[in-house]
Amino acid sequence: MDDPIVDFHTHLPWRPRDSLEASRALLEAMDYAGVTLAVVINVEFAVRTFLENVSPRRIIEAAAEVLDYLIVARIPYIHRMVMEPEWAVEEHVRFMRENHRDNVDFIRVASTGRLIPVASFNPDLSVMDNLGRLRALGDRVLGVKVFPTLHFTRPDSEKLKPVYDYIANINGLVIVHTGCDPGLWELPPFCSNAKPSYVARAARENKDVRFIVAHLGAYSALNPGIFFREALEALAIDNVYADTSAVDPYFVRRAVEEVGYDKILFGSDYPMVQGLDIASALEDIMMLDIPGKAKRAMVTDNPLKLLKTWHGWEGVEEALKLGRGEVVEHVRG
Ligand SMILES: [Zn+2]
């Protein structure tokens, strides 16, 4: 396995629902792009937490706060959510119920060498329940994803401390969504928990945990680059890294120019960005007007440096040596 290309931010496609089939679709996209390893992040939805934080009235209030952006941007689906807020809430709940994928079901198939799983932290469950699930999955899991948008969970929240302690024990990673998100979370007031400065705060308080600022704080349809400055500032902290998933190549180039390339990881966000597969996301990086060694660092050196110190890495190497790169159903026991 010399010079493998690693995609540090992928997901299983929503369809097919069967996790085994979905894993095969992801592997196909990796093969097409020439990617050897992928970090695969599960998305568990938390309907109860969503309904505690979102109501038709709250949507109207959020829209009123960003009226100037809405008028300029004229994005039809965002306008419809604002004009029909009851529909928007129902539609989100329907989508979440349909597309929820349980961590355990996900990891049963997505821990087979080439696919390296990251579980969702789920705020609909207690912290102890989250921890219990993680412990049961052991070092087959690289870490957890915290979703400040979908889950309204701030990464520097005190309650996450036991989870971070567990991640420190396996020398794993915490990936945090930053910036806005498709759906209601295009309205910036709903993204206020997803600031890289909160990741920076969590990283300062949990020095033995490595944090990844996903999307460089930049994703937003209404206000691209929304928290990009904060992401660059967070990267000054030793245990903070960032990924390029769903980030306009313009911001990737600026990040490399302003803070260097040692802590930036290539990620495609497959299959979340419509019309962008792993191959074209990789091509975007390869076409950047930056030194070749910076590209190599983002797609190979930096990701391997992080993965090789994780306690589950030996298992991945073993699986790859045995040629077990293909998805096989993991036998539980
Ligand atoms: Zn993602």
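Order of listing sets the numbers, starting from 1, for every ligand and every atom in it. The figures here come from the full heavy-atom set of this structure, side chains too, leaving out hydrogens, waters and symmetry mates.
When you scan the N, O or S atoms of Asp269 for the one nearest the Zn ion (ligand 1), you land on OD1. Nearest to the Zn ion (ligand 1), among the N, O or S atoms that His11 has, is NE2.
In this pair, His9 and His215 present their aromatic rings tilted. The plane angle is within the 30 to 60° band.
Connection of Phe95 to Phe147 is established within a shared hydrophobic cluster, with ILVMFWY side chains joined at heavy-atom distances below 4.5 Å, either directly or through further cluster members.
Using a cutoff of 4.0 Å between basic side-chain nitrogens and carboxylate oxygens, Arg253 and Glu257 are scored as salt-bridged.
Among the atoms of His215, none of the N, O or S atoms falls under 2.8 Å from the Zn ion (ligand 1).
Judged by distance alone, the side chains of Thr300 and Asp3 never bring a donor and an acceptor atom under 3.5 Å apart.
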